[in-house]
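Note on naming: letters A, B, ... go to the chains in the order of the sequence lines (proteins, then strands), and numbering restarts at 1 for each one.
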Amino acid sequence: MLKVYNTLTKKKEEFIPLSTDEVKMYVCGPTVYNLIHIGNARPIVVFDAFRRYLIDQGYKVNFVQNFTDVDDKIIKKANEQGKDTSEIVDFYIKETLQDMENLNVLPATANPRVTNEMDEIIAMIEQLIEKGYAYAVCGSVFFSTDKFKDYGKLSKKVLEELEAGARIEIDNIKAHPMDFVLWKPKKDGEPYWISPWGKGRPGWHIECSAMSKKYLGDQIDIHAGGEDLIFPHHENEIAQSEAVNGKHYSKYWLHNSFLNIDNKKMSKSLGNFMLLRDVGEEFGYDTVRFFMLAAHYRSPLNFSDKLMESAKASLLRIKNCSEDLNFVLDHLKNESKNISTEFTQDEENLLTQIDSYNTRFYTALDDDFNSADAISIIFELVKTINSYIKTGKNKTLLLTFKETFDHFNDVLGLLYETEIKASSLTDEEILNYIAKRSAAKKNKDFATADQIRTFLEQNNIQIKDTREGVQFKRV
RNA sequence: GGCGGCAUAGCCAAGUGGUAAGGCAGAGGUCUGCAACACCUUCACCACCAGUUCAAAUCUGGUUGUCGCCUCCA
């Protein structure tokens with residue numbers, strides 16, 4: 001039974017979707033004015049893995065992630081570079097989608113862009129005005145926070161206290177200091193759309209409410225994003241959506257904790273961010289993915305080169321196991337005499353062990369998606385497999401190992417083909433060198449043997465001596 | 001000022017009432033021509049104080065430290 005921590009109730013709750021076989025999930029996407037940083041990558045990775053788990057549980061997941069493609073920072077960047085905003089936006093959306101692919105993120109069911117959804121956004125604002133939740137002043141439209149009685153239910157904030165906060169600028173065209181903007185009037189040099197209130201563009205919060213409504217309907221199962229979005233973004237979304245639809249909006253609100261750098265929040269505005277692109281190229285995107293899933297999504301996670309090195313070494317252990325297992329199975333194909341059909345007592349015990357790994361793996365993920373705990377089970381399985389393949393040859397058991405191991409890795413999306421550095425050598429050439437090295441070893445000409453090994457390593461080929469022969473892989 | 005999170009080995013990180021998963025790094029060993037990979041062994045009284053309990057890292061109160069939200073932010 002899956003339980004998730006719901007920010008709305010501050011409790012772990014049993015996950016029961018609105019419909020028995022489908023889950024509607026909305027994750028707030030990035031504002032596209034730069035390549036995404038590794039902090040942006042955390043919700044992307046974590047909620048992708050969560051989605052995979054739901055799929056594994058038999059749900060069809062309708063997964064929507066938007067791109068915010070109209071925003072002050074985008075306009076600023078366009079002006080700086082003397083380009084049209086659409087040019088900036090198209091470029092960064094393309095690059096962000098590439099980053100997601102590099103992270104082995106499943107494509108979303110829909111990736112709506114704000115600028116394509118203006119009709120829905122304007123229509124929603126009109127309805128808010130009609131229902132008395134919003135008012136227009138001087139080309140702006142504001143949401144009237146004190147009209148929505150549940151305002152603050154997600155962030156547990158009380159209007160009066162927010163009002164007392166010193167950091168809120170008093171804007172005298174607003175009826176209430178906490179009212180937030182739904183539509184802002186056009187300024188010089190800014191892109192604009194025509195609305196009943198004049199030329200302008202939408203406020204940030206209404207965009208997600210409108211896109212979520214259009215692509216998923218009035219009610220959704222899961223709304224997810226970074227914890228900093230709880231207030232005001234998600235709080236305002238609830239106000240807008242529930243005011244218009246008259247229904248409870250999202251059943252579960254999931255928020256990931258931050259990825260910090262030097263124990264400080266990383267953000268575009270603080271300027272202490274690292275681009276996913278750079279980190280991914282240096283340590284491998286699969287390492288980034290592993291790193292993020294190796295901690296619980298609601299725990300703060302610190303980032304450093306040292307930690308990435310460590311994560312890379314950890315992941316290598318899983319990769320090596322996968323390769324060794326495949327190698328042994330491959331080897332067994334050509335060698336029928338070694339295939340035993342009877343299980344020894346030890347092998348029977350291992351089958352029981354696999355069952356227990358399965359149970360523990362699912363128990364971990366059922367408990368608020370504890371991917372860190374689940375990964376620890378993978379490592380236990382790795383150890384068991386590594387021990388067995390040293391001597392064990394039972395094909396049925398080996399296949400059971402493989403099935404379980406691959407399944408665990410698939411649920412988290414952990415092992416996938418990453419870009420392989422081109423080597424000028426063909427497989428045939430490599431095998432040739434390996435044969436030469438083996439011959440040299442046989443003649444105790446170790447100098448030549450080592451020379452060949454070094455040569456191959458320089459060409460990004462790693463070789464490994466095993467009982468069954470020499471393995472190689474491109475790295 | 002208001003609200004919230006966190007504090008577990010050298011590092012990272014699970015565990016939320018019955019005497020501490022897992023990974024990296026380290027040490028010793030097996031394997032190897034040497035290495036890499038792998039395997040075996042080894043490595044924590046859980047920030048501090050008080051309390052509840054037969055029993056607490058785990059619950060309660062307090063202290064200290066730390067991070068975040070209240071403003072664009074994943």
Side-chain angles (χ1 to χ4, degrees), chain A residues 7 10 27-31 36-47 68 71-73 152 155-158 160-169 178 204 224-233 235 255-260 263-270 273 290-291 294-296 298-304 306-321 323-324 360 364 367 370-383 385-391 440-442 444-447 449-450 453-454 457 462-467 471 473:
Chain A
T7 308
K10 303 186 77 173
V27 181
C28 290
T31 301
I36 60 170
H37 59 63
I38 53 169
N40 290 310
R42 190 170 187 189
I44 290 172
V45 166
V46 157
F47 295 119
T68 299
D71 170 89
D72 289 345
K73 295 189 190 101
S155 55
K156 319 294 174 218
K157 291 184 191 302
V158 182
E160 290 72 40
E161 285 170 2
L162 284 168
E163 214 175 317
R167 296 212 265 163
I168 293 160
E169 275 180 48
M178 282 314 294
W204 176 39
E227 64 180 351
D228 57 333
L229 297 183
I230 295 171
F231 190 89
H233 187 56
E235 192 68 65
H255 294 98
N256 65 278
S257 248
F258 274 110
L259 186 74
N260 298 323
N263 291 311
K264 282 263 171 14
K265 175 179 170 173
M266 156 177 5
S267 73
K268 291 177 186 173
S269 48
L270 287 178
F273 61 90
F290 173 83
F291 174 70
H296 186 91
R298 283 193 294 113
S299 298
L301 182 59
N302 204 17
F303 174 89
S304 73
K306 191 182 160 203
L307 293 171
M308 290 307 288
E309 289 292 357
S310 170
K312 191 175 177 175
S314 300
L315 180 60
L316 187 62
R317 192 169 152 78
I318 298 177
K319 286 182 181 174
N320 281 334
C321 177
E323 282 162 13
D324 291 351
R360 289 169 60 207
D367 183 15
N370 193 335
S371 57
D373 213 7
I375 284 178
S376 82
I377 313 295
I378 295 182
F379 279 109
E380 289 187 43
L381 178 62
V382 164
K383 189 164 200 162
I385 292 174
N386 282 335
S387 292
Y388 181 75
I389 60 179
K390 286 182 88 166
T391 50
K441 276 175 68 177
K442 211 164 192 176
K444 301 214 185 291
D445 180 4
F446 300 123
D450 287 351
R453 185 169 65 197
T454 310
E457 275 166 7
Q462 208 171 73
I463 58 172
K464 183 165 163 181
D465 295 329
T466 75
R467 205 177 292 264
Q471 282 180 58
K473 67 172 176 179

Self-check item: Side-chain donor or acceptor of Thr454(A) paired with backbone N/O of Asp450(A) under 3.5 Å
Solution: yes

Exercise. Verify, without hydrogens or angle tests, whether Asn256(A) (side chain) and Arg298(A) (backbone) share a donor-acceptor contact under 3.5 angstrom.
Key: no

Exercise. Could you check Ala447(A) against Ala311(A) and say which one's nearest nucleotide on RNA chain B is further toward the 5' end?
Key: Ala311(A)

Practice problem: Return the value, rounded to whole Å, for the distance between atom CG of Asn320(A) and atom P of C39(B). | Solution: 10 Å

Polar atoms only, N or O, under 3.5 Å: list the protein pairs with nucleotides 15-18 of chain B and their distances.
from, atom 1, to, atom 2, distance (Å)
G15(B), OP1, Asn370(A), ND2, 2.7

Practice problem: Return the set of residues passing salt bridge (Lys or Arg N to Asp or Glu O under 4.0 Å) with Lys312(A) (not counting sequence neighbours), or none when no residue passes. | Solution: none

Practice problem: Write down the distance separating the P atoms in U64(B) and G26(B), rounded off to the nearest Å. | Solution: 40 Å

Quiz item: Which base sits across from U60(B) as a Watson-Crick or G-U pair, both distances under 3.5 Å?
Solution: A50(B)

Quiz prompt | His296(A): partners by ring-ring contact (aromatic ring centres under 6.0 Å, His included), with sequence neighbours left out | solution = none

Self-check item: Rounded distance in Å between the C1' positions of G61(B) and G2(B)
Solution: 22 Å

Practice problem: Kindly point out which of A21(B), C11(B), A38(B) is positioned nearest to the side chain of Ser376(A)? | Solution: A21(B)

Quiz item: Say you pick atom P in C24(B) and the same atom in A36(B); how far apart are they, in whole Å?
Solution: 15 Å

Quiz item: Met266(A) has an atom CE; how far is it from atom C1' of G68(B), in whole Å?
Solution: 14 Å

Practice problem: Map Phe291(A) and Ile377(A) onto RNA chain B by nearest heavy atom, then report which one ends up closer to the 5' terminus. | Solution: Phe291(A)

Self-check item: Spacing of the P atoms in A21(B) and A9(B) (rounded, Å)
Solution: 15 Å

Quiz item: NA contact type, Gln462(A), heavy-atom cut-off 4.0 Å: base, sugar-phosphate, or nothing?
Solution: nothing

Exercise. Establish, with yes or no, whether the OP1 or OP2 oxygen of C72(B) is under 4.0 angstrom from a side-chain nitrogen or oxygen of Lys73(A).
Key: no

Quiz item: How far does the C1' atom of U58(B) sit from the matching atom of A27(B), given to the nearest Å?
Solution: 32 Å

Quiz item: Side chain of Leu307(A): nearest nucleotide among G2(B), A74(B), C12(B)?
Solution: C12(B)

Exercise. Would you classify Ser299(A) as touching base, sugar-phosphate or nothing, given that sugar-phosphate means primed atoms plus P, OP1 and OP2, and contacts are heavy atoms under 4.0 Å?
Key: sugar-phosphate

Quiz item: So what does Lys441(A) hit on the nucleic acid, given a heavy-atom distance under 4.0 Å: a base, only sugar-phosphate, or nothing?
Solution: base

Self-check item: P atoms of A44(B) and U60(B), separation to the nearest Å
Solution: 29 Å

Practice problem: Using salt bridge (Lys or Arg N to Asp or Glu O under 4.0 Å) as the criterion, list what pairs up with Asp445(A), not counting sequence neighbours. | Solution: none

Quiz item: In whole angstrom, what separates Lys265(A)'s NZ from C67(B)'s P?
Solution: 14 Å

Quiz item: What nucleotide among C24(B), A21(B), C70(B) has an atom nearest to a side-chain atom of Ala313(A)?
Solution: C24(B)

Self-check item: P-based separation of A50(B) from A57(B) [nearest Å]
Solution: 14 Å

Quiz item: Heavy atoms under 4.0 Å, any strand shown: does Asn256(A) hit a base, just sugar-phosphate, or nothing?
Solution: base

Quiz prompt | Sugar-phosphate, base or nothing in reach of Lys319(A), heavy atoms under 4.0 Å | solution = nothing

Self-check item: Which residues share a salt bridge (Lys or Arg N to Asp or Glu O under 4.0 Å) with Arg317(A), sequence neighbours left out
Solution: none

Exercise. Could you walk me through whether Lys157(A) and Glu235(A) pass the salt bridge (charged side-chain N to carboxylate O under 4.0 Å, His left out) test, one step at a time?
Key: CA-CA 10 Å; Lys157(A) 291 184 191 302; Glu235(A) 192 68 65; over 6 Å; no

Practice problem: Answer with base, sugar-phosphate or nothing: what part of the nucleic acid does Leu259(A) contact at a heavy-atom distance below 4.0 Å? | Solution: base

Quiz item: Partners of Asp324(A) by salt bridge (Lys or Arg N to Asp or Glu O under 4.0 Å), sequence neighbours excluded?
Solution: Lys464(A)

Quiz item: Should G26(B) form a Watson-Crick or G-U wobble pair with both distances under 3.5 Å, which nucleotide is its partner?
Solution: U42(B)

Quiz item: Quick one: does Arg453(A) reach the base of A35(B) with a side-chain donor-acceptor pair under 3.5 Å?
Solution: yes

Quiz item: Across the strands shown, which category fits Phe258(A) at heavy-atom distances under 4.0 angstrom: base, sugar-phosphate, nothing?
Solution: base

Quiz item: Heavy atoms under 4.0 Å, any strand shown: does Lys444(A) hit a base, just sugar-phosphate, or nothing?
Solution: nothing

Quiz item: Within the modelled atom types, does a donor on one side and an acceptor on the other bring the side chain of Arg298(A) and the base of C6(B) under 3.5 Å apart?
Solution: no

Quiz item: Is Phe379(A) touching bases, backbone alone, or none of the nucleic acid, heavy atoms closer than 4.0 Å?
Solution: sugar-phosphate

Quiz item: Using a cut-off of 4.0 Å on non-hydrogen atoms, how would the nucleic acid contact of Gly225(A) be classed: base, sugar-phosphate, or nothing?
Solution: sugar-phosphate

Self-check item: From Ile230(A) atom CD1 to Thr7(A) atom OG1, the distance as rounded to the nearest 0.5 Å
Solution: 5.0 Å

